[in-house]
Number of protein chains: 4
Amino acid sequence: MPAPARLSAAASTPAPVRHRRKGARPQELLDAALDLFVEKGFAATRSEEVATRAGVSKGTLYLYYPSKEDLLKEVVRQNVVNLIVQGVDLIRHFDGSTSELLARVLRLWWQRMGETRASGILKLMMSEARNFPDIAQFYVNEVIHPSHAMLAELVQRGIDRGEFRPVIVTDVVHALVTPLLFLVMNKHSLGACSVGSTLDPKAVIEAQIDLVLHGLHTETCRAAQSAATPDATDLPLPKPSRAP
Amino acid sequence: MPAPARLSAAASTPAPVRHRRKGARPQELLDAALDLFVEKGFAATRSEEVATRAGVSKGTLYLYYPSKEDLLKEVVRQNVVNLIVQGVDLIRHFDGSTSELLARVLRLWWQRMGETRASGILKLMMSEARNFPDIAQFYVNEVIHPSHAMLAELVQRGIDRGEFRPVIVTDVVHALVTPLLFLVMNKHSLGACSVGSTLDPKAVIEAQIDLVLHGLHTETCRAAQSAATPDATDLPLPKPSRAP
Amino acid sequence: MPAPARLSAAASTPAPVRHRRKGARPQELLDAALDLFVEKGFAATRSEEVATRAGVSKGTLYLYYPSKEDLLKEVVRQNVVNLIVQGVDLIRHFDGSTSELLARVLRLWWQRMGETRASGILKLMMSEARNFPDIAQFYVNEVIHPSHAMLAELVQRGIDRGEFRPVIVTDVVHALVTPLLFLVMNKHSLGACSVGSTLDPKAVIEAQIDLVLHGLHTETCRAAQSAATPDATDLPLPKPSRAP
Amino acid sequence: MPAPARLSAAASTPAPVRHRRKGARPQELLDAALDLFVEKGFAATRSEEVATRAGVSKGTLYLYYPSKEDLLKEVVRQNVVNLIVQGVDLIRHFDGSTSELLARVLRLWWQRMGETRASGILKLMMSEARNFPDIAQFYVNEVIHPSHAMLAELVQRGIDRGEFRPVIVTDVVHALVTPLLFLVMNKHSLGACSVGSTLDPKAVIEAQIDLVLHGLHTETCRAAQSAATPDATDLPLPKPSRAP
DNA sequence: TATGAATGAGGATTCATTCAT
DNA sequence: GATGAATGAATCCTCATTCAT
């Protein structure tokens with residue numbers, strides 16, 4: 001055997017300080033994972049990097065999450081699934097008009113997803129879905145379906161209350177979701193590479209709200225539409241210019 | 001660089017049984033690579049798969065392309081960069097109105113990019129840009145900048161000739177590009193997972209043409225706009241319904 | 001070494017609720033280790049499992065045994081080495097005929113080793129000896145040599161007292177040991193996989209006793225042989241059928 | 001990054017010579033694997049060691065066998081399963097008396113299994129069965145069951161032809177197999193550690209043959225038994241001393 | 001040219017052991 | 001004494017790339 005004599009001589013390993021912070025670990029790991037997954041992609045992120053960024057060692061990561069995939073799933077759960085739950089809650093307990101509700105949901109989405117790190121997860125899923133069927137399936141089950149169901153419920157509410165025309169619900173849901181996803185892709189793929197002026201996401205959201213409400217409202221409800229303009233304290237946006 | 005010698009194809013060789021179409025090899029490899037990269041992502045595509053699908057052995061792949069990254073670059077060059085060159089060519093040699101030119105360019109884009117396999121490359125780049133900075137850089141240099149420059153040139157032409165209002169060119173370029181990318185992402189990411197009605201890409205393109213031209217034209221040019229309606233032989237689309 | 005201080009158990013401590021039987025810890029750990037090592041093998045048993053089964057935490061295990069190997073050694077000491085010591089003791093203090101002594105030793109072996117969990121240790125050592133040379137060496141020193149020495153002493157006693165023929169001692173020892181090991185292997189390896197009738201270990205032991213005594217006795221001692229038949233209260237076996 | 005300048009300077013990696021010997025590789029790998037698995041156990045053998053001993057690199061191993069477990073399975077197939085097939089063949093085409101056949105089969109077993117490296121596989125399976133349920137299952141299906149079936153067929157042949165008494169076949173099979181396995185365990189576990197005289201395997205085999213035939217034969221067939229004495233050209237053993 | 005056998009760096013995961021509390 | 005969070009060495013396996021033929 002080569003006899004690695006040089007090693008045992010010094011205190012070269014400077015006693016890796018061991019903090020005990022069980023409570024905080026999971027969150028720190030999820031934060032680090034979110035950052036890195038979004039920044040480098042799932043496959044390209046080594047599990048050790050996540051651990052290091054969270055200030056722990058490789059092994060500690062596996063103490064809390066049994067695999068890299070499970071870690072991603074937990075990141076998704078925390079950052080996306082929870083939001084959907086909140087959305088469903090909002091819809092079920094909301095008292096006002098469905099127009100107002102729809103506007104609120106979309107603005108909330110932007111506040112909590114679009115302009116936070118969480119949006120990176122959406123981009124991540126779109127990017128890596130093909131490579132990790134397992135995760136894609138999980139995502140469809142836990143995110144796509146529930147969020148579509150939530151929006152469908154919302155639209156149906158409008159129809160049931162006579163506020164919206166009897167449209168095809170799934171089509172409307174699709175139309176609602178699509179631009180949001182585009183914003184996300186734009187932010188995370190082209191915003192990083194592209195140059196020139198970026199489009200204003202909030203404006204896109206507002207335009208989308210405006211557009212959809214126009215398309216959905218029954219004649220009699222047109223008047224109530226103004227209620228859906230952004231709340232001044234909430235999102236102080238310039239009133240979106242509507243076509244005369 | 002591939003540089004496939006077309007010369008050896010002729011001559012006297014009576015029955016090159018083993019190697020059909022030597023000259024075609026590079027193209028077959030690029031085709032296979034395009035398919036697989038789009039289908040499974042760049043990282044998840046093993047170079048041997050590409051070779052196998054192209055009907056050659058692993059070694060042969062490396063005979064033509066020194067690395068997987070170079071292969072991707074070549075795929076991009078062939079499927080995207082070339083289109084831009086064609087676009088630039090079209091712009092520089094076009095005689096008609098800029099409105100017509102713009103319409104033609106966008107429709108061409110759809111024909112050659114949007115509805116072909118090449119669109120997968122765009123999705124691929126958006127997805128994997130973060131994981132492969134090298135490739136992302138290449139893409140920005142070879143695709144993003146040139147295509148933006150091309151469109152800027154086009155818009156500038158309209159301004160210079162008094163057809164368009166003196167708008168901020170980069171903003172317009174951005175507004176032109178965004179929906180196209182959206183179509184692509186929608187096709188390759190959401191079409192697979194999402195449910196419900198899909199939107200009609202050609203209609204989106206036409207609406208976009210219509211919209212942009214409306215916004216760009218100087219008063220005096222409004223009349224000429226009709227010239228930009230789709231050419232019957234070129235794209236036999238139903239006349240897009242414009243709001244009255 | 002464990003050295004469990006029995007002292008702290010008494011004194012005034014009114015209600016040591018948390019830690020039942022401090023003094024018992026080492027034994028509980030050894031029991032758990034024996035079970036698991038036999039059940040799953042040495043390498044496949046995680047030290048945490050041992051601790052958990054013993055009702056303590058991982059750290060506590062290392063409080064008593066500095067390593068997994070040391071734990072195994074202690075298990076062997078307690079379950080095998082002690083038996084040998086008892087055997088030696090029996091031999092040195094026995095008054096009766098060597099035939100009787102031999103019979104008693106073999107039957108004792110079966111009662112204390114063969115039909116208890118301890119037999120699993122033998123199988124374990126045979127299985128893993130090659131993988132853990134350290135342990136193998138320990139086993140040879142602490143078990144193989146002493147037990148062979150013990151049996152050699154026994155046989156020599158017979159020779160010295162004129163009861164046995166002047167045989168080659170080591171050969172006889174070997175002949176004595178072999179079937180016992182065979183029983184153990186059969187119990188722990190083949191009983192699990194094999195089908196069909198299992199052999200009766202007690203019968204094998206008795207046959208072995210009978211056979212060896214036949215082979216060892218001097219002519220003059222043949223008569224005394226009947227003394228070696230199993231004690232009715234001890235092992236109520238049918239008298240083994242001897243060939244006519 | 002630490003900039004490992006010293007590395008790129010020299011030709012420190014002396015161009016690892018690459019031999020192309022596809023045909024021979026699998027056998028070389030199986031040989032190396034057999035040696036190492038037997039020597040160190042399955043779990044304790046690193047796949048790279050196998051490759052190194054076969055004179056190739058880690059990757060090459062996986063070129064031929066998709067996993068370490070598959071490698072072991074193949075080792076078993078080649079060294080054990082094949083022997084069983086040969087045995088079945090022998091039984092089905094044998095013309096002589098069943099006594100002779102039985103003797104031949106057992107002696108063949110010793111020649112091809114017991115005294116070759118293949119015996120190590122048997123020991124290996126007995127040792128590691130518990131740790132690798134997958135492999136244990138494979139072994140039961142591919143080895144235990146077929147070999148028992150083979151011996152059962154043999155015994156049945158004897159009964160059908162009136163050579164053997166109408167015994168319980170499975171019991172006899174068990175009695176046949178057991179000592180052989182013991183020899184194997186003895187060779188690979190105790191032969192390595194133990195001291196003193198080792199038992200003579202061939203003698204054990206012959207004794208076993210003798211014993212079983214005695215037990216099986218019908219009265220009328222006793223005479224034919226001498227036919228089962230070892231063939232001089234085959235196994236030049238001293239005629240086993242039978243009790244007068 | 002073409003092949004495909006061979007290479008080996010790289011990364012996920014496990015688990016014996018340590019140590020702050 | 002106990003605890004269990006933290007560590008990191010060790011090992012399987014993948015796949016881009018090389019190169020002898």
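Only this structure's heavy atoms are used, side chains among them; waters, hydrogens and symmetry mates stay out. Reminder, nothing fancy here: chain letters follow the sequence lines and each chain counts from 1. It should be emphasised that the depicted structure is a prediction, and the values quoted were computed from it without experimental measurement.
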Chemist: Kindly indicate whether the side chain of Tyr62(C), heavy atoms from C-beta on, has any atom under 4.5 Å from the side chain of Ser47(C).
Modeler: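 Yes, side chains in contact.
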Chemist: Once you apply a heavy-atom cut-off of 4.0 Å, does Lys68(C) come out as touching a base, just sugar-phosphate, or nothing?
Modeler: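 Since only primed, P, OP1 and OP2 atoms lie under 4.0 Å of Lys68(C), the category is sugar-phosphate.
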Chemist: Find which nucleotide of DNA chain E each of Gly59(D) and Glu69(C) is nearest to by heavy atoms, and output the residue with the more 5' nucleotide.
Modeler: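 In this pair, the answer is Gly59(D).
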Chemist: At less than 4.0 Å, is any side-chain N or O atom of Tyr65(C) found next to OP1 or OP2 of dT17(E)? Yes or no.
Modeler: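 No, Tyr65(C) has no side-chain N/O under 4.0 Å of OP1/OP2 on dT17(E).
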Chemist: Side chains of Met126(A) and Lys123(B): does their closest heavy-atom pair fall under 4.5 Å?
Modeler: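 When only atoms from C-beta onward are counted, Lys123(B) and Met126(A) do not touch, as no gap falls below 4.5 Å.
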Chemist: Does anything in residues 39-52 of chain C reach DNA chain E, meaning a heavy atom under 4.0 Å, and if so which residues?
Modeler: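 Output list: Thr45(C), Arg46(C), Ser47(C).
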Chemist: Taking only residues two or more places apart in sequence or in another chain, which ones pass side chain to side chain contact (heavy atoms under 4.5 Å, CB included) with Thr45(D)?
Modeler: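 Here the qualifying residues are Leu36(D), Phe37(D), Lys40(D), Glu49(D), Val50(D).
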Chemist: Tell me, please, which residues at least two apart from Gln137(A) pass side chain to side chain contact (heavy atoms under 4.5 Å, CB included).
Modeler: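 Asn141(A).
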Chemist: Roughly, in whole Å, what's the span from CG in Leu63(D) to C1' in dG8(E)?
Modeler: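 After rounding, the gap between these two atoms is 13 Å.
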Chemist: Leu61(D) CG to dC13(F) C1': how many Å, rounded?
Modeler: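 In whole Å, dC13(F) C1' and Leu61(D) CG are 10 Å from each other.
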Chemist: Could you tell me whether the side chain of Leu63(B) reaches within less than 4.5 Å of the side chain of Val56(B), counting heavy atoms only?
Modeler: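 The answer is no, as the side chains (C-beta and beyond) never meet within the 4.5 Å cut-off.
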Chemist: Using atom CG of Asp70(D) as one end and atom P of dT14(F) as the other, report the distance to the nearest whole Å.
Modeler: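 That distance rounds to 11 Å.
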Chemist: Rounding to an integer number of Å, can you tell me how far Leu72(C) CG sits from dA16(E) P?
Modeler: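 Going from Leu72(C) (CG) to dA16(E) (P), I get 13 Å.
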Chemist: For Leu71(C) and dA16(E), what is the distance between atoms CG and C1' respectively, to the nearest whole Å?
Modeler: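 The answer, rounded to whole Å, is 12 Å.
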Chemist: Check this for me: does the side-chain of Lys58(A) come within 3.5 Å of the base of dT7(F) through a donor and an acceptor?
Modeler: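 When only heavy-atom distances are counted, Lys58(A) does not reach the base of dT7(F) through any donor-acceptor pair under 3.5 Å.
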Chemist: Side chain of Tyr62(B): nearest nucleotide among dA5(F), dT17(F), dT3(E)?
Modeler: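 Given the options dA5(F), dT17(F), dT3(E), the side chain of Tyr62(B) is closest to dT17(F).
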Chemist: For the residue pair Asp134(A) and Lys73(A), establish whether any side-chain heavy-atom pair is separated by less than 4.5 Å.
Modeler: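 Yes; the side chains approach each other to less than 4.5 Å.
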Chemist: Would you mind reporting whether Tyr64(A) and Leu30(A) have side-chain heavy atoms less than 4.5 Å apart?
Modeler: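 In short, these two side chains do not touch, never coming nearer than 4.5 Å.
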Chemist: The side chain of Arg25(D) is closest to which nucleotide in this list: dA6(E), dT7(E), dT14(F)?
Modeler: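 Nearest to the side chain of Arg25(D) among the choices is dA6(E).
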Chemist: Please confirm whether the shortest side-chain N or O distance from Thr60(D) to OP1 or OP2 of dA5(E) is below 4.0 Å.
Modeler: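 No, outside the criterion.
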Chemist: Check each residue of residues 28-35 of chain D for a non-hydrogen atom within less than 4.0 Å of any atom in DNA chain E, then write out the ones that pass by number, or none.
Modeler: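 Under 4.0 Å from DNA chain E: no residue of residues 28-35 of chain D.
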Chemist: Could you summarise the pairing of DNA chain F as dot-bracket text, marking Watson-Crick and G-U pairs under 3.5 Å with ( ) or [ ] inside the strand and | across strands?
Modeler: .||||||||||||||||||||
Chemist: Can you tell if the side chain of Asp31(B) reaches within under 4.5 Å of the side chain of Val75(B), non-hydrogen atoms only?
Modeler: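 Heavy-atom side-chain distance check fails, nothing below 4.5 Å.
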Chemist: Per the salt bridge (Lys or Arg N to Asp or Glu O under 4.0 Å) rule, which among Glu28(D), Glu39(D), Glu48(D) passes with Arg53(D)?
Modeler: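 The passing option is Glu39(D).
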Chemist: Report yes if the side chains of Leu124(A) and Leu72(A) come closer than 4.5 Å at any heavy-atom pair, otherwise no.
Modeler: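 With C-beta onward as the side chain, the pair touches.
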Chemist: Looking only at the side chain of Ser57(C) (C-beta and beyond, no hydrogens), which of the listed nucleotides dT13(E), dA2(F), dT14(F) gets closest?
Modeler: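 It is dA2(F).
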Chemist: Evaluate the side-chain proximity of Glu142(C) to Val76(C): yes if any heavy-atom separation is below 4.5 Å, no if none is.
Modeler: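 Side chain of Val76(C) against side chain of Glu142(C), heavy atoms only: no contact under 4.5 Å found.
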Chemist: State which residues pass side-chain hydrogen bond (donor to acceptor under 3.5 Å, both in side chains) with Arg77(A); sequence neighbours excluded, sorted by chain then number.
Modeler: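 Arg77(A): side-chain hydrogen bond (donor to acceptor under 3.5 Å, both in side chains) contacts with Glu74(A).
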